[in-house]
Structures are given as C-alpha cells and as structure tokens.
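Beneath this line is the structure, given in structure tokens, with notes to follow.
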2 protein chains.
Amino acid sequence: MKIIEVDEELYQYIASHTQSIGESASDILRRLLHLPSLNIRSVALDLSDKTENIDRSLSLQQETASIYSESTVNQQTIQPQEEIVTQQVQVVERAEPDTELDVSKQSDAADLMILLDTPEFKQESKAVVRFLTILSGLYKLNNDAFTQAIRSENVQGRTRVYFAQDEQTLLDAGNHTKPKQIPDCPHWVITNNNSGRKMIMLEGVMREMGFDEKTIDYVKNAFVADN
Amino acid sequence: MKIIEVDEELYQYIASHTQSIGESASDILRRLLHLPSLNIRSVALDLSDKTENIDRSLSLQQETASIYSESTVNQQTIQPQEEIVTQQVQVVERAEPDTELDVSKQSDAADLMILLDTPEFKQESKAVVRFLTILSGLYKLNNDAFTQAIRSENVQGRTRVYFAQDEQTLLDAGNHTKPKQIPDCPHWVITNNNSGRKMIMLEGVMREMGFDEKTIDYVKNAFVADN
DNA sequence: GAAGGGATCGCCGGGATTTTTC
DNA sequence: CCGAAAAATCCCGGCGATCCCT
C-alpha cells in the first residue's frame with residue numbers, strides 16, 4: 001500500500017462516492033477511474049439483484065451487464081458469504097414501493113438505466129421531454145447531490161443561468177429561455193437551446209453529481225437516441 | 001491535505017498520468033476524474049485561509065457575472081470616491097507588529113504560492129482568468145503596495161493605460177482595450193493583449209510591489225502553465 | 001410570455017497574430 | 001531603415017436566442 005496526499009475537497013469527493021460500507025479509497029478510486037477492481041466488487045451483483053426485483057426486460061439486463069463488464073472481467077477471487085447475505089437483505093428492503101428519498105448510491109446507475117430503458121422513454125420523440133425526464137430521474141436518485149450539482153458554475157452559461165429554484169431567476173438571466181419546471185422536483189431548467197446544449201447540460205449535472213464516465217455516456221446515448 | 005492509502009498498482013497508474021513536473025496526486029486525480037474546476041475567484045478571496053469551506057451558492061453567480069458582464073455601465077460594486085477611506089480603514093486593520101510594504105516576506109510569498117498551487121488555478125485554461133486571479137491575489141496580499149504599484153510608469157503602455165480605478169480611464173486611453181475589473185479589488189485592468197504582455201504586466205506590478213525575483217519567476221511560470 | 005420544439009445563425013469573448021509606432 | 005515594443009485586428013470556438021418548422 002502506498003500513501004498519497006489529496007486536498008480536502010478531493011478527499012470529500014472520493015469519500016462521497018463510497019458505495020458500500022468499509023470501502024477503501026483504492027476501491028472507490030478504481031471504480032471512478034474504471035480500473036478493474038482487485039477485490040470482488042459488488043456492483044454487478046447489485047445490478048442483477050435489482051433487476052429481478054424490479055422485473056424489467058432482459059435486454060436491459062444485458063446492456064447493463066456489458067456496461068459494467070470491465071469491472072468484472074478479471075475477478076478471480078470470490079468474496080465471503082457475508083456479501084451475499086447483505087445483498088439479499090437489500091433486496092428484501094427494496095421490495096416495497098420505493099417512495100423514500102434516500103436512494104442508496106449503489107443503485108444509482110441501475111435505477112437510471114431502468115428509467116431510460118422503459119419503452120415510454122425510448123418512444124418519446126421530443127428532446128425536451130427526454131431532457132426533463134432524465135433530470136427528474138437524477139433528482140429523484142439523489143436530491144441533495146442534484147441540488148448541489150446545479151449550483152456549480154459548470155452548469156451555467158456565459159450569461160444565462162441554466163438551473164434555479166424558481167422561474168424568475170432564469171427569466172432574469174436571459175431572453176426567451178423558456179424555463180420549465182423539472183417534473184417532481186423543486187427546480188427549474190431553461191429549455192430554449194438545441195439538443196447539443198441540452199446534452200452538455202445533462203453531462204455537466206451528472207459529472208457534478210459524481211456519476212462515472214460510463215454511466216454518463218450511457219445516459220447521453222439514451223438522450224440522443226431519436227426514433 | 002488529507003492522506004489516503006492506495007494500492008501499489010493504482011499508485012503506479014496515478015503516477016504514470018503525471019502531465020507536468022511536480023504535479024501533486026490531487027492534481028492528477030482531479031484531471032483523471034474530470035473534476036470541474038472550482039471558482040477561481042472564491043479561491044482568491046480565500047487566499048489566507050484556504051482550507052475553510054466556501055459557500056459558492058450566491059456570491060459565485062455575482063462574481064462570475066461581474067467578470068464576464070459586458071454591461072459594466074450600471075455596476076456599482078466599487079465606489080472610487082471612497083477609495084481612500086477604504087484604504088485607510090484597511091491600513092488600520094492591518095496595523096499589527098509586522099505590517100510593512102515589503103512584500104517579499106516569506107509568508108506573503110507563501111500565500112501567493114498556495115493560491116497558484118491550487119488545482120483550481122492550475123486547471124484554469126483561460127489566461128485572462130489566471131491573469132485576473134493573480135492580480136486579485138496580489139491586491140489581497142497588500143492592497144496599499146498594489147495600489148501604489150499600478151500607478152508607476154513601469155506598468156503603463158506607450159499610449160494605453162494598463163490599470164485604473166475606473167473603466168473609463170482605460171477606455172479613453174486606447175481602442176478595444178477590453179477592461180475588466182480585478183475580482184475583489186477596486187481596480188481595473190486592460191485585457192486585450194497577448195499572454196506575453198499580460199506576463200509583462202504581472203511582472204511589472206510585482207516588481208513595483210517589491211517581490212523578489214524568485215517569487216516573480218514562480219508566478220510567471222504559474223501564469224504561463226497552460227494545459 | 002404564451003404554441004412548442006429546437007436547428008441554425010450570429011454575436012461575443014479569448015488571445016495569437018498582424019499591424020503600427022517609436 | 002531596421003528592430004523592438006506596443007496596439008489592435010481578426011480568427012476561432014462557444015453560447016445565446018432568433019426564427020423556421022411542426
């Protein structure tokens with residue numbers, strides 16, 4: 001083991017991306033950097049558990065699996081039984097209708113993919129709707145992270161303000177921005193821009209929220225997919 | 001600074017992504033993680049106490065707006081007329097045993113280096129922002145020395161005026177000089193020149209302020225470093 | 001402010017490059 | 001007239017919002 005020094009904020013960033021209790025800095029960093037894990041990782045397991053639980057299509061299962069395949073490729077060591085037990089507990093807990101606010105970090109990516117995989121979403125032809133739906137999903141996944149993310153300067157324009165808690169702020173910062181409230185969310189977004197910019201906005205928010213690049217890519221693709 | 005433990009292989013991975021000599025682990029990781037740069041302006045504000053948490057929510061927008069805003073006409077953030085009064089108050093505030101104009105003191109130089117060492121600064125791609133940030137930092141370090149320094153003939157152009165307490169002075173002395181207010185500082189600088197000239201301007205101010213050559217060199221390097 | 005969506009086009013800022021001055 | 005220093009033009013990339021299409 002090596003010791004490295006990281007600044008306070010980066011430390012917080014890393015710590016905040018803990019996905020399972022007791023995870024080491026290495027584990028977290030490896031996940032964020034898309035490096036293969038040394039220890040068995042539970043992400044793949046989690047995904048499949050969740051899959052059964054939520055009863056979704058097979059195709060998504062495959063997609064999801066392939067997306068994370070990198071992290072499962074060279075995993076030779078198998079983790080103790082405890083791991084599995086934990087998983088089962090989680091499944092049970094999640095078996096009830098999910099109305100609670102604190103969605104465990106672990107399932108962020110999966111929840112998001114489930115949302116984007118619904119026929120309703122895929123069928124949706126309007127970019128604004130897909131845009132708003134994704135934002136709404138992001139908020140629901142982790143409203144604190146989302147609320148923090150949209151404050152970042154990285155999701156602001158040169159003169160326009162992209163996100164705010166109220167319509168007026170957005171109206172004041174630009175002309176004809178066409179603000180819309182994000183569904184089931186206290187925040188507003190501006191809407192009068194092309195799809196490219198909408199994608200940039202999504203990307204910015206997700207990056208701020210700490211999603212890894214793979215997931216961000218997945219969402220971007222889902223957003224773009226027009227049929 | 002926080003200490004974290006990473007496994008050998010991950011350590012090698014991070015180290016192998018060094019892009020500039022002397023880069024810290026934090027810098028490298030921030031780049032690899034696509035961590036958004038923070039608001040440079042607030043860093044400058046926070047020069048003397050950089051570990052403290054920064055509230056970026058409200059002040060950020062305003063600061064950013066003032067920097068990029070083109071309609072500087074109705075900006076009344078700073079009042080030139082009361083300038084002298086303000087200065088005097090600050091003198092009194094600074095009236096501690098070792099208050100001098102000699103800026104070459106270790107601690108001041110160190111403060112400056114701390115600012116330039118932040119990943120936020122290093123990651124800043126725009127020369128103007130780095131330029132303004134450094135000037136802001138210089139002012140913060142010793143506003144009297146700074147205010148005196150920019151009056152010197154050595155920081156004026158042949159026809160252009162480089163620094164002034166108000167935009168108009170700069171506008172009057174040249175065409176398309178693109179003056180900008182230095183963040184958290186009552187003074188303005190012109191901005192429409194290449195990076196070489198910006199560096200000459202920094203150098204001039206610092207020399208006038210009494211920085212030693214080593215520190216000046218350090219700052220020049222930090223300013224130039226572009227990635 | 002009310003039709004709505006969003007691609008297209010034009011403006012703006014950054015700063016290297018070119019032009020001008022001494 | 002040449003070289004150096006300063007000034008300012010101008011190109012490029014990014015963002016805003018107009019305006020065309022549905």
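- A:Tyr162 comes within 4.0 angstrom of the backbone, heavy atoms only, and of no base.
- Rounded to whole Å, the distance from NZ on B:Lys126 to C1' on C:dC12 is 12 Å.
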So B:Glu213 and B:Arg207, salt bridge (charged side-chain N to carboxylate O under 4.0 Å, His left out) or not? Walk me through it. CA-CA 8 Å; B:Glu213 293 302 313; B:Arg207 199 155 277 144; 2.6 Å; yes
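- When rounded to the nearest whole Å, the span between CD1 of B:Ile190 and C1' of D:dA5 equals 13 Å.
- As rounded to whole Å, 16 Å separates atom C1' of D:dA6 from atom CD of B:Glu153.
- Using modelled atom types, one side-chain atom of A:Arg130 and one backbone atom of A:Glu124 make a donor-acceptor pair closer than 3.5 Å.
- A tilted orientation is assigned to the rings of B:His187 and B:Phe146, their planes being inclined by 30° to 60°.
- Between A:Arg160 and D:dC15, a side-chain N or O to OP1/OP2 separation shorter than 4.0 Å is absent.
- With rounding to whole Å, A:Arg130 atom CZ is found 12 Å from C:dG5 atom P.
- A donor atom on one side chain and an acceptor atom on the other are not found under 3.5 Å apart for B:Asp172 and B:Thr169.
- Where B:Arg158 and B:Thr191 each meet DNA chain C at their nearest nucleotide, the meeting point lying more 5' is that of B:Thr191.
- For the segment residues 192-207 of chain B, the set of residues with a heavy atom within less than 4.0 Å of an atom of DNA chain C comprises B:Asn192, B:Asn194, B:Ser195, in numerical order.
- Of the charged side-chain nitrogens involved, none lies within less than 4.0 Å of a carboxylate oxygen, so that A:Glu208 and A:Arg151 do not count as a salt-bridged pair.
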Check step by step if side-chain hydrogen bond (donor to acceptor under 3.5 Å, both in side chains) holds for A:Thr147 and A:Asp144. CA-CA 5 Å; A:Thr147 302; A:Asp144 288 335; 5.4 Å; no
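- Residue contacts shown for B:Gln156 are absent, as no nucleic acid heavy atom lies under 4.0 Å away.
- Using atom C1' as the reference point in both C:dG1 and D:dA17, the two lie 15 Å apart (nearest Å).
- Contacts between residues 173-189 of chain A and DNA chain C, counted as heavy-atom distances below 4.0 Å, involve A:Lys178, A:Lys180.
- The side-chain contact (heavy atoms from CB on, under 4.5 Å) check on A:Gln181 picks up A:Trp188, with sequence neighbours excluded.
- Counted within 6.0 Å of OH on A:Tyr11, heavy atoms from surrounding residues, nucleotides or ligands total 12 or fewer; the atom is thus considered open.
- Salt-bridge check for A:Lys122 with A:Asp117: passed, with a basic side-chain N closer than 4.0 Å to an acidic carboxylate O.
- Whole-Å rounding puts the B:Leu132 CG to C:dG15 C1' distance at 13 Å.
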